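Below you'll find the structure, written out as C-alpha coordinates, and then a few comments.
As the structure is a prediction and not an experimental result, all values here were calculated from the model.
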Amino acid sequence: MNKFLNIVQGICYILIIIGALNWGLVGIFNFNLVEYFFNESVIARTLYIIIGVAAIISIILTAKYTIDNREY
(Lines give C-alpha, C1' and ligand atoms only; values in the text may rest on other atoms or scores of the structure.)
Protein backbone atom coordinates (compact mmCIF):
# COMPACT_ATOMS: atom_id res chain seq x y z
CA MET A 1 0.00 0.00 0.00
CA ASN A 2 2.87 2.37 0.75
CA LYS A 3 4.24 1.97 -2.79
CA PHE A 4 0.79 2.81 -4.19
CA LEU A 5 0.60 5.98 -2.09
CA ASN A 6 4.07 7.01 -3.26
CA ILE A 7 2.94 6.66 -6.88
CA VAL A 8 -0.27 8.62 -6.20
CA GLN A 9 1.68 11.35 -4.45
CA GLY A 10 4.19 11.55 -7.31
CA ILE A 11 1.39 11.92 -9.87
CA CYS A 12 -0.24 14.58 -7.67
CA TYR A 13 2.99 16.57 -7.44
CA ILE A 14 3.42 16.48 -11.23
CA LEU A 15 -0.14 17.75 -11.71
CA ILE A 16 0.38 20.47 -9.11
CA ILE A 17 3.54 21.61 -10.89
CA ILE A 18 1.66 21.76 -14.20
CA GLY A 19 -1.07 23.84 -12.55
CA ALA A 20 1.44 26.15 -10.88
CA LEU A 21 3.33 26.71 -14.12
CA ASN A 22 0.06 27.48 -15.90
CA TRP A 23 -0.88 30.04 -13.24
CA GLY A 24 2.60 31.53 -13.51
CA LEU A 25 2.12 31.97 -17.25
CA VAL A 26 -1.29 33.54 -16.67
CA GLY A 27 0.13 35.94 -14.09
CA ILE A 28 3.24 36.99 -15.99
CA PHE A 29 2.19 36.85 -19.64
CA ASN A 30 -1.63 36.62 -19.46
CA PHE A 31 -1.30 33.36 -21.40
CA ASN A 32 -3.31 30.30 -20.36
CA LEU A 33 -1.55 27.22 -21.72
CA VAL A 34 -4.42 24.85 -20.93
CA GLU A 35 -6.97 26.95 -22.77
CA TYR A 36 -4.50 27.38 -25.64
CA PHE A 37 -4.41 23.61 -26.17
CA PHE A 38 -8.03 22.78 -25.32
CA ASN A 39 -9.95 26.00 -26.19
CA GLU A 40 -12.12 26.21 -23.05
CA SER A 41 -13.57 22.77 -23.74
CA VAL A 42 -14.79 20.08 -21.38
CA ILE A 43 -11.25 18.65 -21.46
CA ALA A 44 -9.78 21.90 -20.11
CA ARG A 45 -12.38 22.07 -17.33
CA THR A 46 -11.75 18.41 -16.47
CA LEU A 47 -8.01 19.06 -16.32
CA TYR A 48 -8.58 21.94 -13.90
CA ILE A 49 -10.72 19.67 -11.71
CA ILE A 50 -8.09 16.90 -11.79
CA ILE A 51 -5.36 19.36 -10.78
CA GLY A 52 -7.54 20.65 -7.92
CA VAL A 53 -8.24 17.12 -6.69
CA ALA A 54 -4.50 16.35 -6.92
CA ALA A 55 -3.81 19.33 -4.67
CA ILE A 56 -6.37 18.15 -2.12
CA ILE A 57 -4.96 14.61 -2.15
CA SER A 58 -1.44 15.98 -1.74
CA ILE A 59 -2.49 18.09 1.24
CA ILE A 60 -4.15 15.09 2.89
CA LEU A 61 -1.19 12.77 2.28
CA THR A 62 1.29 15.37 3.51
CA ALA A 63 -0.75 15.98 6.66
CA LYS A 64 -1.06 12.24 7.29
CA TYR A 65 2.69 11.75 6.81
CA THR A 66 3.45 14.66 9.12
CA ILE A 67 1.12 13.41 11.86
CA ASP A 68 2.38 9.81 11.57
CA ASN A 69 6.05 10.85 11.77
CA ARG A 70 5.79 13.48 14.49
CA GLU A 71 8.59 13.29 17.04
CA TYR A 72 7.95 14.30 20.63
Side-chain angles (χ1 to χ4, degrees):
M1 187 68 169
N2 194 13
K3 185 175 181 179
F4 173 73
L5 289 179
N6 287 338
I7 293 170
V8 169
Q9 195 165 23
I11 293 170
C12 287
Y13 283 147
I14 290 169
L15 290 170
I16 291 168
I17 289 169
I18 291 169
L21 290 174
N22 188 57
W23 276 110
L25 288 172
V26 169
I28 296 170
F29 302 113
N30 197 22
F31 176 72
N32 191 331
L33 190 63
V34 173
E35 288 183 4
Y36 176 77
F37 283 118
F38 302 112
N39 297 324
E40 296 185 25
S41 67
V42 175
I43 297 171
R45 188 174 183 100
T46 304
L47 187 58
Y48 289 134
I49 292 169
I50 290 170
I51 291 172
V53 170
I56 293 168
I57 291 170
S58 183
I59 291 168
I60 291 169
L61 291 177
T62 302
K64 181 181 178 337
Y65 177 79
T66 303
I67 290 170
D68 289 347
N69 293 316
R70 185 177 292 170
E71 293 182 20
Y72 295 98

[X] and [Y]: same hydrophobic cluster, using ILVMFWY side-chain contacts below 4.5 Å?
X	Y	result
Trp23	Ile28	no
Phe38	Phe29	yes
Val34	Tyr36	yes

Sequence neighbours excluded and cut-off under 3.5 Å, please list the side-chain donor-acceptor pairs for residues 44-55, or say none.
from  : atom 1 : to    : atom 2 : distance (Å)
Thr46 : OG1    : Val42 : O      : 2.7
Tyr48 : OH     : Asn32 : OD1    : 3.2
Tyr48 : OH     : Asn32 : ND2    : 2.8

Quiz item: Does CG belonging to Asn30 count more than 12 external heavy atoms closer than 6.0 Å?
Solution: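 No, CG of Asn30 has 12 or fewer neighbouring heavy atoms, counting only those of other groups under 6.0 Å.
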
Quiz item: Is Phe37 atom CZ crowded by more than 12 heavy atoms from other residues, nucleotides or ligands, each under 6.0 Å away?
Solution: no

Quiz item: Roughly how far apart are Thr66 OG1 and Lys64 NZ, rounded to 0.5 Å?
Solution: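 Going from OG1 on Thr66 over to NZ on Lys64, the span is 11.0 Å.
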
Quiz prompt | Expected output: side-chain Thr62 to main-chain Ile59 donor-acceptor under 3.5 Å | solution =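 A pair under 3.5 Å: no.
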
For residues 7-20, which side-chain donor-acceptor pairs fall under 3.5 Å, sequence neighbours excluded?
from : atom 1 : to    : atom 2 : distance (Å)
Gln9 : NE2    : Tyr13 : OH     : 3.0

